[in-house]
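Start at 1 with the first residue, then count along the sequence.
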Amino acid sequence: MMLTALGLMSGTSLDGVDVALIETDGKQVKAFGPSGYRPYNPAERSLLRRALTEAVNLPQRDARPGVLAEAERAVTLAHAEAVAAFTAQNRMKPEDIDIVGFHGQTVLHRPERRMTVQIGDAPALAKAIHIPVMHDFRAADVEAGGQGAPFVPVYHRALAQSLEREGPICVVNIGGVSNITYIDGNETLIACDTGPGNALLDDFMYRTMNQAFDAEGKFAALGKADEAWIARALGLPFFALPPPKSLDRNDFAALKLGEVAPADGAATLTAFTAAAIARVIPLLPRRPRSWIVCGGGARNLTMLRMLRERVGSATVEAAETLGWASDAIEAQAFGFLAARGLKGLPLSYPATTGVPMPMTGGVIARP
C-alpha cells in the first residue's frame, strides 16, 4: 500500500528545516511531491550552537538541562511552522498526509556510550500539526550496539536502483558530516561517515568572515590548500577504520589550522572534506564507478572539483543533474523511513551501521 509521507530534517549544518513529500510503500518511491524549507534565524542558530556545547556532558538521553529545554522547544516550534507553511503553500490538509517522519536535531552522537540524542518534542509536534509523527529513528540501532548512522542508505538504494546504471555507485551526502552509501546491485549496501562535511568549513567561515558558509566554494577557490596539514589530519585513527563507522559533528573540532590566510584556510578545509571522502575507497570492496553528491556540499563547486581530482577515473556529479532534489533528499529519506517504520521494515543493517542484525525502529506519536 502506498503512503503519502512527509519527511522533516534539521541537519548538523544548523541551517534550517527541510520538508519533503513522497509517495512510497517503504520499498520504492512511486512519486516525489513538493519540498519546502524553513531557515533558522540567527537567534535560533545561536541557541542550537549553545545546545551542542551543553549536550556534551548529558548524563542520559532524555535529560534536557539548561539551554537544551529551550532549544528543544525552539526546534519543535520551527518544525511545526515548517509543516504549516508547507501544507498551506501546497493547499493540503492534515488528512492528506499519512505519516510524518521527524528526525529532530542531533545534539550528541556517542554510539560507543550507546547514546544518541535528537532534540524535538514529537508528541507536541503531532498535536500541533494534527498528523501522526514517527520519530526517534536511531535509538534502537544504537541500543543494539550499532553506530546509529548513517541512516539514509536504504533511501539512497531506492534512488540508485531507478537509475539502471552499472555499479558500484557511491552516493555522498555532504552535510555537517559527510557520509557515503556504496551500492553494488541489490545485495551490497555499505555505508559510513567519512569525515567532516561542511561543519569545519562553516565554523571557520563564521569565525573568520562572519559568514554562515562559503557560497559555491568561491572563497576556497581563491586559496591554496595545505596538503601537509591534510595528510596529518588523515592520519587520525578514524580514517583507517573499515565501515561501518560514524561521527559526531564536533569530532574534528579540535583540529586547528594555525595562523593562515582565510582563503587558504577555507581551501584547506574544503580539500580535507574531499580527501576524507576519497580516503574511503581502499576500504570498499571495489572502486566506485560513479559518485553522486547531495546535501549542501553539492552546491560547493570547489568541493566537487577537489573530489574529482581525488577519485581517479570515476565520474562525480551533483544529484541535481540526475533529477534528484539534492536539498530535499534527507527530508525525503525520513518520510521513506517513516513508511518503512510503519510497516516494520528494517531501517539499518549490519553493513550500514554495524548493528548485529537488520533493525527496524522509530516511535509513533499520535495527535
If two hydrophobic side chains count as joined below 4.5 Å and joins carry through other members, does V19 share a cluster with I22?
no

Do R45 side-chain atoms and L14 backbone N/O form a donor-acceptor pair below 3.5 Å?
yes

Can you find a pair of side-chain heavy atoms, one from V171 and one from I329, that are under 4.5 Å apart?
no

We want to know whether H103 and R138 form a side-chain donor-acceptor pair, criterion being a heavy-atom distance below 3.5 angstrom.
yes

N198 side-chain N/O to I174 backbone N/O, donor-acceptor pair under 3.5 Å:
yes

Counting only heavy atoms not in E227, do more than 12 sit closer than 6.0 Å to its CD atom?
yes

Please step through side chain to side chain contact (heavy atoms under 4.5 Å, CB included) for the pair I277 and L307, ending with a clear verdict.
CA-CA 8 Å; I277 294 166; L307 184 58; 3.8 Å; yes

Give the C-alpha distance, both sets of side-chain angles, the deciding distance and a yes or no for side-chain hydrogen bond (donor to acceptor under 3.5 Å, both in side chains) between Q118 and T116.
CA-CA 7 Å; Q118 287 74 40; T116 184; 2.8 Å; yes

Min side-chain heavy-atom separation V100-L8 under 4.5 Å:
yes

Has N90 got a side-chain atom pairing as donor or acceptor with T87's backbone, closer than 3.5 angstrom?
no

Just checking K27: does its NZ atom have more than 12 heavy atoms from other residues, nucleotides or ligands closer to it than 6.0 angstrom?
no

Count the heavy atoms of every other residue, nucleotide or ligand shown that sit under 6.0 Å from CD of E320, and state whether that count exceeds 12.
yes

What closest approach, in Å, do V260 and L257 show between heavy atoms, and which atom pair accounts for it?
CG1-O, 3.8 Å

Taking atom types as modelled, find out whether S10 and Q105 have a side-chain donor-acceptor pair closer than 3.5 angstrom.
yes

Decide yes or no for V154 and L337: does some side-chain heavy atom of the first lie under 4.5 Å from some side-chain heavy atom of the second?
yes

Looking at the rings of W324 and F32, which for Trp means the six-membered one, are their centres under 6.0 Å apart?
no

Taking atom types as modelled, find out whether Q147 and T353 have a side-chain donor-acceptor pair closer than 3.5 angstrom.
no

Within the side chain of R64, is there an N or O that forms a donor-acceptor pair under 3.5 Å with the backbone of R61?
yes

Do the side chains of L163 and L159 get nearer than 4.5 Å, heavy atoms only?
no

State whether the side chain of E23 and the backbone N or O of T4 hold a donor-acceptor pair below 3.5 Å, judged by distance alone.
no

Verify same cluster id: M357, V142 (apolar side-chain graph, 4.5 Å):
no

Shortest non-hydrogen contact from E54 toward P65:
OE2-O, 3.4 Å

Could you tell me whether a side-chain N or O of T24 sits under 3.5 Å from a main-chain N or O of G26, the two making a donor and an acceptor?
yes

Quick one, F86 and M92 - any side-chain contact, counting heavy atoms below 4.5 Å?
yes

Flag if over 12 foreign heavy atoms under 6.0 Å of CZ, F213:
no

Donor on one side chain, acceptor on other, Y206 and Q211, under 3.5 Å
no

Would you check, one step at a time, whether the test salt bridge (Lys or Arg N to Asp or Glu O under 4.0 Å) holds for R286 with D184?
CA-CA 9 Å; R286 295 201 293 152; D184 196 4; 3.0 Å; yes

Worked check of salt bridge (Lys or Arg N to Asp or Glu O under 4.0 Å) between R49 and D203:
CA-CA 10 Å; R49 284 179 188 276; D203 291 350; 3.2 Å; yes

Scan side-chain atoms only and decide if D226 and T268 contain a donor-acceptor pair under the 3.5 Å cut-off.
no

Take T273 and M303 through the side chain to side chain contact (heavy atoms under 4.5 Å, CB included) test and state the conclusion after the steps.
CA-CA 8 Å; T273 293; M303 199 172 280; 3.8 Å; yes

Between R207 and D202, is a salt bridge (Lys or Arg N to Asp or Glu O under 4.0 Å) present by the stated rule, with each step listed?
CA-CA 9 Å; R207 275 197 318 274; D202 289 353; over 6 Å; no

Using atom types as modelled and distance alone, determine if a side-chain donor or acceptor of R110 lies under 3.5 Å from a backbone N or O of M115.
no

Side-chain donor or acceptor of T360 paired with backbone N/O of L345 under 3.5 Å
yes

Between V363 and M134, does a side chain to side chain contact (heavy atoms under 4.5 Å, CB included) hold up when you go through it step by step?
CA-CA 5 Å; V363 179; M134 175 84 70; 5.8 Å; no

Are F239 and F252 an aromatic pair by the rule of ring centers under 6.0 Å?
yes

Audit row: Y182, T188, side chain to side chain contact (heavy atoms under 4.5 Å, CB included) steps and yes/no:
CA-CA 8 Å; Y182 172 93; T188 308; 3.8 Å; yes

Polar side chain donor-acceptor pair, S348 to D141, under 3.5 angstrom:
yes

Do N173 and E330 have side chains that get closer than 4.5 Å, going by heavy atoms?
yes

Between R299 and E216, does the salt bridge (Lys or Arg N to Asp or Glu O under 4.0 Å) criterion hold? Intermediate values first, please.
CA-CA 6 Å; R299 288 195 299 275; E216 295 180 7; over 6 Å; no

Would you confirm whether D193, through its side chain, and L247, through its main-chain N or O, come within 3.5 Å as a donor-acceptor pair?
yes

Under 3.5 Å, is there a donor-acceptor pair between the side chain of D214 and the main chain of F219?
yes

Name the one of R50, R38, R73 that satisfies salt bridge (charged side-chain N to carboxylate O under 4.0 Å, His left out) with E44?
R38

How about I180 and V280: do any of their side-chain heavy atoms sit closer than 4.5 Å?
yes

Parallel under 30°, tilted from 30 to 60°, perpendicular over 60°: which one fits the rings of F272 and W229?
perpendicular

Considering only heavy atoms from C-beta outward, does the side chain of E72 approach that of T76 to under 4.5 Å?
yes

Please tell me whether F102 and F334 form a close aromatic pair, meaning their ring centres lie under 6.0 Å apart.
no

